[in-house]
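Contents: one structure, followed by commentary.
In this text, all values refer to a predicted model and were calculated from it rather than measured experimentally. Residue numbering restarts at 1 for every chain, and letters A, B, ... go by the order of the sequence lines.
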There are 2 protein chains.
Amino acid sequence: MSSLRARQKEDRRNRIVSSAKTLFKKKGYEKTTIESIAVAAGVSGVTVHNYYGTKAGVLLALVIESDKQLIARLNESLPRNESDIVSLAVAFAREVMDHAIANLEKDIWRQVIAAVTTEAGTRLSTAYSQLDDQLAHVLVRRIEAAQAAGALPDHLNPVHLGRALFQLQNARFIEFISSDAMTQDEIETRLRHDLVALFSVCASAPST
Amino acid sequence: MSSLRARQKEDRRNRIVSSAKTLFKKKGYEKTTIESIAVAAGVSGVTVHNYYGTKAGVLLALVIESDKQLIARLNESLPRNESDIVSLAVAFAREVMDHAIANLEKDIWRQVIAAVTTEAGTRLSTAYSQLDDQLAHVLVRRIEAAQAAGALPDHLNPVHLGRALFQLQNARFIEFISSDAMTQDEIETRLRHDLVALFSVCASAPST
DNA sequence: TAAAAACTTTTATGCAATAAAAATTTTTGC
DNA sequence: GCAAAAATTTTTATTGCATAAAAGTTTTTA
């Protein structure tokens, strides 16, 4: 049973986040004031602070929602029988970039990345990191499938490979949003180069 | 010939950055006001803004100086005949983390990472990115040496491998500073896992 | 339904960031 | 050398984020 109070709170949260999304897209991040978000949501400016701590907190809340959709979409669309790891990682990266651009301007994504680091340890930043883990896990599952199909050596740890690929993809994603001039194609090329080079090493490394 | 004006400017820059470093280390980033930096440096608060744009700009200027030393140190100390890429990357990562911790608190490094992304495209952020390129190049040179020594296949592109390793190391570095609880050892382990997994793939990838 | 509890709003303060006007100091040209 | 011009800093003022404390309001609970 949800009390009236709980429902009102939920309502305000929704109004704040959706007002913020509209304003961010319409006026950009910097030019959107907390006060204007508050007015659009029908609450006081201090209430926005009480709910989300900072303006970046509101942004993070909004991104977390859309990232949940991204995870669902990736689970759906990422090929389930891809045995070439380079293709897999590139397809993953492409979906992530498509999703990012469809939802917010690069300018705003930069604020997201900044907020995740400066507000490390807060509720919202932690939630964001957990979504990253889930994203990495989408890769892990595909790698497990490839391994089961015999496309990868048995001694390989799929969790480790999935996380490594995610880190690399994420680093390149940040590079993508860090410059307005950077294209998806250029990032794709760089990621390809990363992977081709790494896969060429073939060290007989001990599994420490 | 440097005019009096140019020398005075240089002087003020030095005073601002060194005052800032002292204050950041003593009181932390948030609790250091631009005004207090200005007072310590003997200029007005607005002058600090005129010189560095933002408080984060001052921080970036200070980090850039210390990163130059890091590059020099890495060029010196990183083993010149290391044929094992995992060991090379791990040694690199360790030096970077040692240097970071010796200079500033994690808390402040988080502000650095945030500033580099939000202020993407500014003079200081660009300078920081160029230093990253130089850091990656330290790796590239070691890889070239290893390749020349026959420890790596000829078709491998050392620039691509160096950049990929740097991206991975950098991602793990950010993970390191993002949590006060995260230890260097844990990061080292994760980086090792990344690399061992990646090097196990051994795809016969086309050099696209 | 009245007291208690939970929230939101009002009010106030500090600081970053920015802009424009005023004041100062160095340069330049004679 | 000195006066006008140019460059640069400081003063002054404003906006907005962030935070805290007090005041006011609404829901809960007994």
Hey, is the side chain of A:Y51 poking within less than 4.0 Å of OP1 or OP2 on C:dC7, counting only N and O atoms?
no
D:dT19 phosphate, OP1 or OP2: any side-chain N/O from A:H49 under 4.0 angstrom?
no
Please identify each residue that fulfils side-chain hydrogen bond (donor to acceptor under 3.5 Å, both in side chains) with [X], with sequence neighbours left out.
X      : value
B:R141 : B:N75
B:R15  : none
B:D67  : none
B:Q169 : none

Separation of [N] [atom2] from [X] [atom1] (nearest whole Å):
X     : N      : atom1 : atom2 : result
A:K31 : C:dA17 : NZ    : P     : 18 Å
B:I37 : C:dA17 : CD1   : P     : 10 Å
A:K9  : D:dT26 : NZ    : P     : 17 Å
B:N50 : C:dT18 : CG    : P     : 11 Å

Which letter, B, S or -, goes with each nucleotide of nucleotides 11-16 of chain D from 5' to 3', with contact meaning a protein heavy atom under 4.0 Å?
BB---S
Without placing hydrogens or testing angles, list every side-chain donor-acceptor pair under 3.5 Å for residues 123-134 of chain B, not counting sequence neighbours.
unit_1: B:S125; atom_1: OG; unit_2: B:V116; atom_2: O; d: 3.1
unit_1: B:T126; atom_1: OG1; unit_2: B:T122; atom_2: O; d: 2.7
unit_1: B:S129; atom_1: OG; unit_2: B:S125; atom_2: O; d: 3.1

Under a 4.0 Å threshold between the charged nitrogen and the carboxylate oxygen, would B:R163 count as salt-bridged to A:D194?
no
Scan nucleotides 22-25 of chain C against the protein and return all N/O pairs shorter than 3.5 Å with their distances rounded to 0.1 Å.
unit_1: C:dT25; atom_1: O2; unit_2: B:R5; atom_2: NH2; d: 2.7

Residues at least two apart in sequence or cross-chain that pass salt bridge (charged side-chain N to carboxylate O under 4.0 Å, His left out) with A:E188, listed by chain then number, are A:R94, A:R192
Test salt bridge (charged side-chain N to carboxylate O under 4.0 Å, His left out) applied to A:E95 - qualifying residues, sequence neighbours left out
A:R73
Give me each pair satisfying ring-ring contact (aromatic ring centres under 6.0 Å, His included) with a member in residues 10-65 of chain A, each pair once, sequence neighbours excluded.
A:F24-A:Y29
For B:H160, ring-ring contact (aromatic ring centres under 6.0 Å, His included) partners two or more places apart:
A:H193
B:E35 or B:R7: which one's nearest nucleotide on DNA chain C is closer to the 5' end?
B:E35
Using the rule given for side chain to side chain donor-acceptor pair (under 3.5 Å), can you reason through A:T54 versus A:E119, listing the C-alpha separation, both sets of side-chain angles and the distance that settles it, and then say yes or no?
CA-CA 10 Å; A:T54 63; A:E119 313 205 4; 2.8 Å; yes
Hey, can you pull the residues of residues 108-124 of chain B with a non-hydrogen atom under 4.0 angstrom from DNA chain C?
none
